[in-house]
Structures are given as structure tokens and as C-alpha cells.
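Note that this is a predicted model, so its numbers are computed, not measured.
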Amino acid sequence: MSESLPPPPYAVSDLVTAAIPDDERLWVPQAPNIWFRPLFLNTVQGEWVNLLRVRRSGVLSRHRHPAPVHGYVIKGTWRYLEHNWTAKAGDYVFEPPGEIHTLTVDSDDEMITLFTVNAAMVYVDPWGKTTGFEDVFTKIEMCRKHYAECGLGADYVDQFIR
């Protein structure tokens, strides 16, 4: 390893982790047959990066975002009811701010997608009225609760927080 200058004194530490873990406990349940795997939880900019894993067909959620979302499909397929495309393994998806879309999985085959979410995910009813939300702080709390219950400890999530 070559020598280099040390990082600035207030720089946060780097983060390297197995994205798709062998330990099933690292997947946080979100709904029946739906889990997420936190990879990066940015409390300063309100951003999170996670894997979404689905093991059933059906409509997952109708939502919108106030900021851009980026996705990369690792396994399986999914689509939005409002569009005529299907995202498949190897596809990149950009979700523009403000658009309402309904995430749907048409197969019981496992789907895994890497998502980078900025700001929030705002759940809406068919008329666009807000019914709930998720942000980096609610994601952290979901992780704390799950990791405490499964024996990893509530502070297990701290390694992903920057």
C-alpha cells in the first residue's frame, strides 16, 4: 500500500460491506415478503441507499418522491402501473421528482433492486393524498427495531449511518 495524506480531520469514515449478505437477519422486513437491506444512511443530506427485495407478485406501493431516485435492477423484474416499461436485471431506472408511480412485481421470482433515494418516499392514495412517508430517519428506526429483535443489537445499524 502506498503512502498518502491522511483524510481531513472531520471526514467521515469510508464504508465497505457485503451488499447481498449471507445472513438473512440483515434484511429488514418492510411488509409481508418485502425486505430492504440498508447500505448507506445519510442523515445530513436525507439520503439512503438500500437493496429492495421482493419475493411475491403484487402491488407494493403507490408513492412519489420530492427529489430524484436512482435504481439498478440486480435480479428479477418490476414495473410501474403508470408506465409501459418493465425494469429487468441490468436496467438502470431514473425516477423524476413529483411523479406518482405504483411499484408492481408481476412474478413470484425474487426481485432485488439497488435504490438511492433522496429526501423521502411519500405514500399516496389513488387521488394523490398523502397517506404516509419514509425518510432516512424512519428507515433507521425500522433497522434499530429489527436488529434488536433478531439479536444483532439496535446499534448494528450505526455502521451504515454517515
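- To the nearest 0.5 Å, atoms CG (L60) and OG1 (T104) are separated by 7.5 Å.
- Looking only at distances, no side-chain donor or acceptor of Y147 sits under 3.5 Å from a matching main-chain atom of D155.
- F94 belongs to a hydrophobic cluster with Y92, counting contacts under 4.5 Å between side-chain heavy atoms of Ile, Leu, Val, Met, Phe, Trp and Tyr, direct or through other members.
- The two atoms that bring I74 and A89 nearest to each other are O-CB, 3.7 Å, heavy atoms only.
- In this structure, the side chain of R144 engages the main chain of A154 through a donor-acceptor pair within 3.5 Å.
- Checking side-chain atoms of D109 against main-chain N and O of G76 turns up no donor-acceptor pair under 3.5 Å.
- For the pair T102/E82, a side-chain contact is recorded, criterion being any heavy-atom separation below 4.5 Å from C-beta on.
- Proximity of N42 to V136: side-chain heavy atoms (C-beta onward) are nowhere separated by under 4.5 Å.
- For D14, the salt bridge (charged side-chain N to carboxylate O under 4.0 Å, His left out) criterion is met by no residue, not counting sequence neighbours.
- Of the possible polar contacts, none joining the H65 side chain to the P97 backbone as a donor-acceptor pair under 3.5 Å is found.
- Put simply, OG1 on T17 and CG on L39 are 7.0 Å apart, with the number rounded to the nearest 0.5 Å.
- Distance CD1/I100 to CZ/R64: 4.5 Å, rounded to 0.5 Å.
- For the side-chain contact (heavy atoms from CB on, under 4.5 Å) test, residues two or more places apart in sequence or in another chain that qualify with K88 are T77, D91.
- Cluster annotation: V93 is not connected to L81 through the hydrophobic network of ILVMFWY side chains, with a link wherever side-chain heavy atoms come within less than 4.5 Å.
- Here the shortest heavy-atom pairing between D23 and L152 reads OD2-CD2, 4.5 Å.
- Residue V49 is not grouped with residue V12 when hydrophobic side chains (ILVMFWY) are merged at heavy-atom distances under 4.5 angstrom, including chains of intermediate members.
- For residues 13-54, the set of pairs meeting the ring-ring contact (aromatic ring centres under 6.0 Å, His included) definition, not counting sequence neighbours, is empty.
- Using a 4.5 Å heavy-atom cutoff, the side chains of V157 and V28 are not in contact.
- Remark: E99 pairs with H83, P96, H101 by the side-chain contact (heavy atoms from CB on, under 4.5 Å) rule, at least two apart or across chains.
- Under the salt bridge (charged side-chain N to carboxylate O under 4.0 Å, His left out) criterion, R162 pairs with no residue, sequence neighbours left out.
- The minimum heavy-atom distance linking M111 with T113 is given by the pair SD-OG1, 3.1 Å.
- Inter-residue side-chain proximity for K139 and P38 is flagged as unmet; no heavy-atom pair is nearer than 4.5 Å.
- With sequence neighbours excluded, no residue satisfies salt bridge (charged side-chain N to carboxylate O under 4.0 Å, His left out) with E47.
- Residues passing the side-chain contact (heavy atoms from CB on, under 4.5 Å) test with S57, sequence neighbours excluded: D108.
- Side chains of R37 and F160 form a contact here, defined as non-hydrogen atoms less than 4.5 Å apart.
- When the side-chain contact (heavy atoms from CB on, under 4.5 Å) test is applied to D22, no partner is found at least two apart in sequence or on another chain.
- Shown here for N118 and H70, the closest heavy-atom pair between the two residues is ND2-CD2, 4.5 Å.
- In this structure the side chain of V54 never reaches within 4.5 angstrom of the side chain of L103, judged on heavy atoms.
- V117 places none of its side-chain heavy atoms less than 4.5 Å from the side chain of E95.
- Annotation: salt bridge (charged side-chain N to carboxylate O under 4.0 Å, His left out) contacts involving residues 69-80, sequence neighbours excluded, comprise K75-E110, R79-D106.
- When the salt bridge (charged side-chain N to carboxylate O under 4.0 Å, His left out) test is applied to E149, the partners found at least two apart in sequence or on another chain are K145.
- Note on residues 105-137: pairs passing ring-ring contact (aromatic ring centres under 6.0 Å, His included), not counting sequence neighbours, are W78-F115.
- Closest heavy-atom contact between M121 and S61: CE-OG, 4.5 Å.
- By the 4.5 Å heavy-atom criterion applied to side chains, V69 and H63 are not counted as neighbours.
- Heavy atoms only, all atoms of each residue included: A120 and D135 are closest at CB-CB, 4.4 Å.
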